[in-house]
Amino acid sequence: MIKKKVNIAVFISGRGTNLRALILKSKKKSCNYKIAYVISNKKNATGLKIAKKNKILTKIISQSFLKTEQKELAKILINKDIKFICLAGFMKILSSYFINFFKNKIINIHPSLLPKYKGLNTHQRALEAKEKFSGCTIHYVSKKLDSGKIIAKKKVKILKKDTIKKLEKRVLKAENKLYPLVLEKLTTS
Ligand code: GRF
């Protein structure tokens, strides 16, 4: 019997390396999920090209992405049978309505070991604080930024000669490995 894969929507604003990693894994026969929809608030996001190349349906949302538009999008996602939403470099704040509507169904990846370094410039701040480790965290999305329940973390050692760029590159590699694994687990029933 062929098992139906769980439909996932990925929200992006840019580069899309995490999106690519999620897609790559989804192509495996044994994978439980399918990336069914990619949403971007930037029409020139590189991630959109990745989605299109993989024949995934895409949607551009407005820059303001106001509450009414979020309500409309919630309906569309339900109609498309989307079961989980993965934020992957999505630079917009979701409304309380949207977060409550998809309670415990929206996850995000953040480039630090949360609860440390919420928000932006995480690598710079970790280096300035002379941390021994940085890494990435996957968490449920709640109303407070980068503060929802933590699902998984992956540590990355900070090296003596690290620069923001070098550290970012290694953390991103860890993100690209962790995100598909976590999503696979969450979609296994
Ligand atoms: C990642 O570092 C992610 O943790 C952060 O935004 C970046 C997105 O990268 N939230 P990409 O677009 O997936 O390459």
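Atoms considered below: every heavy atom in the structure, side chains included; atoms not considered: hydrogens, waters and symmetry mates. Just so you know, ligand 1 is whichever comes first in the structure, and atom 1 is the first atom listed for that ligand.
- Ligand 1 places these atoms under 4.0 Å from at least one heavy atom of H110: 4 (O).
- At the top of the distance list for atom 9 (O) of ligand 1, counting protein heavy atoms only, stands R15 NH2, 3.0 Å.
- A 4.5 Å side-chain heavy-atom check between I138 and K154 finds every atom pair outside the cut-off.
- Contact between C86 and L22 at its shortest, heavy atoms only, is CB-CD1, 4.2 Å.
- The shortest heavy-atom distance from I12 to ligand 1 is not under 4.0 Å.
- Between N18 and ligand 1, at least one N/O pair is under 3.5 Å apart.
- Contact of the N32 side chain with the K4 side chain is not registered, since no non-hydrogen atoms from C-beta on lie closer than 4.5 Å.
- The shortest contact between atom 6 (O) of ligand 1 and any protein heavy atom is with G89 CA, 3.4 Å.
- Side chain of T137 to main chain of L114: a donor-acceptor pair is present (N/O by atom type, distance under 3.5 Å, no hydrogens or angles).
- Residue K5 places its NZ atom among more than 12 non-hydrogen atoms of other residues, nucleotides or ligands, all under 6.0 Å distant.
- The side-chain heavy atoms of I107 and H139, taken from C-beta on, include no pair separated by under 4.5 Å.
- For the pair A51 and V38, the tightest heavy-atom approach, listed with the atom from each and the gap, is CB-CG2, 3.8 Å.
- Of all protein heavy atoms, the one lying nearest to atom 1 (C) of ligand 1 is E175 OE1, 3.0 Å.
- Ranking the protein heavy atoms by distance from atom 12 (O) of ligand 1 puts G16 N, 2.8 Å first.
- Taking a cut-off of under 4.0 Å to the non-hydrogen atoms of P111, the atoms of ligand 1 that pass are 2 (O), 4 (O), 5 (C).
- Nearest protein neighbour of atom 10 (N) of ligand 1, counting heavy atoms only, is I109 O, 3.1 Å.
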